[in-house]
Amino acid sequence: MTEHATENKGCFLAFEGIDGSGKSTQIERLNRRLAQRGIHCYVTREPTDSPIGSLIHQIMTGRIRSDNKVVAALFVADRLDHLLNPTDGIKQKIDSGIPVITDRYYFSSYAYHSVDMPMDWVIEANSQSAAILRPTVTVFLDVDPSNALGRIARTRFHTELFETKSRLISVRQQYFQAFERLKDEENLLILDGKQSEDALAEEIWEKTKGFFGL
Ligand code: ADP
Ligand code: TYD
């Protein structure tokens, strides 16, 4: 793990969880608290806003129809572009010492796509991203799918393709399977996402501030 947080490199936090688990809320809070301490992060998300990411968004909202295997492959391409594109690729930010926080990274692919296809394929298809940049830590916010759907229903006008209860139950199970498989090579922080926003923000702060040298 320390190899990813060597002196001149920024640390890289990936937040994971099923839809509605509170990732964006907590990323915003962590980012704000870091900024108050003078640490300015590059905050980003997948799917990205790149042309590949917008294609994915159009598929997720049902405007374009596509097979799940194609979607999985598009996420692989979107992630590589997220890492490597010359304008705002996260690899160059990390290399120049800027800390990066992302809302979703390759564990999202492992969990969401292994519902329809073998996890081995998904892990192998993402192996280039893993070789280029592993998160300093992956923070998983664990929330019960009914709870997460209740939160989503309260705040969004539409739900996306993957936001059904049975789907989210499978996705959550697949996350845990992926964590079990990769626990020796990944740094994982699995947190109880049912806590209040304040309590969770405090736990995340206490457990991640060290990665930022605080
Ligand atoms: P995600 O980015 O994982 O989809 P959000 O941060 O957008 O999740 O949160 C989904 C909804 O749940 C939002 O309406 C948010 O205000 C609410 N929410 C976030 N964290 C909590 C929490 N700890 N307890 C209750 N509701 C929460
Ligand atoms: P979005 O609404 O952008 O995010 P969130 O639910 O986190 O607020 O939707 C992203 C969706 O894309 C979400 O359902 C998870 C899915 N997804 C994949 O299927 N594979 C992936 O590799 C990634 C990064 C996301």
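Order of listing sets the numbers, starting from 1, for every ligand and every atom in it. Starting from 1, each residue takes its place in the sequence as its number.
Heavy atoms of Gln195 found under 4.0 angstrom from ligand 1 belong exclusively to the backbone. With a 4.0 Å cut-off on non-hydrogen atoms, Ala148 does not touch ligand 1 at all.
Tyr105 has its side chain within reach of Glu16: a pair of non-hydrogen atoms, C-beta onward, lies under 4.5 Å apart. Here the side chains of Val100 and Leu13 are not in contact, with every heavy-atom distance at 4.5 Å or above. Side-chain contact between Asp120 and Arg181: present, with at least one pair of heavy atoms (C-beta onward) separated by less than 4.5 Å.
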task = For salt bridge (Lys or Arg N to Asp or Glu O under 4.0 Å), just list the numbers for Arg33 and Glu28, CA-CA rounded to whole Å, side-chain angles, deciding distance to a tenth of an Å, and then say yes or no.
result = CA-CA 9 Å; Arg33 200 156 172 184; Glu28 198 189 314; over 6 Å; no
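Of the listed residues (Phe75, Phe15, Tyr105), the one carrying the non-hydrogen atom nearest atom 21 (C) of ligand 2 is Phe75. In the candidate list Arg45, Met60, Glu46, Met60 is nearest to atom 11 (C) of ligand 2, counting heavy atoms. Proximity annotation for atom 7 (O) of ligand 2: of His113, Arg167, Lys23, Lys23 comes nearest, heavy atoms only. Closest heavy-atom approach to atom 9 (O) of ligand 1 within the set Thr25, Val143, Ile27, Asn147: this belongs to Thr25.
Using modelled atom types, no side-chain atom of Asp142 and backbone atom of Leu191 make a donor-acceptor pair closer than 3.5 Å. With Glu186 contributing its side chain and Lys183 its backbone, the two residues share no donor-acceptor pair below 3.5 Å.
Annotation: Asp19 places an N or O atom under 3.5 Å from an N or O atom of ligand 2; distance criterion only. Between Gly20 and ligand 1, at least one pair of N/O atoms sits closer than 3.5 Å. At a 3.5 angstrom cut-off on N or O pairs, Gly22 counts as close to ligand 1. An N or O contact shorter than 3.5 Å is missing between Asp19 and ligand 1 by distance. An N or O contact shorter than 3.5 Å links Ser109 to ligand 2 by distance.
Using 4.0 Å as the threshold, Ser21 has a heavy atom nearer than that to some atom of ligand 1. Ligand 1 has no atom lying under 4.0 Å from any heavy atom of Arg154.
Ring geometry, Tyr175 versus Phe140: the interplanar angle falls from 30° to 60°, so the pair is classed tilted.
Taking the ring axis of Phe15 as reference, the NZ or CZ atom of Lys23 does not stay both within 45° of it and closer than 6.0 Å to the ring centre.
Checked against a 6.0 Å centroid threshold, the rings of Phe75 and Tyr106 do not count as neighbours.
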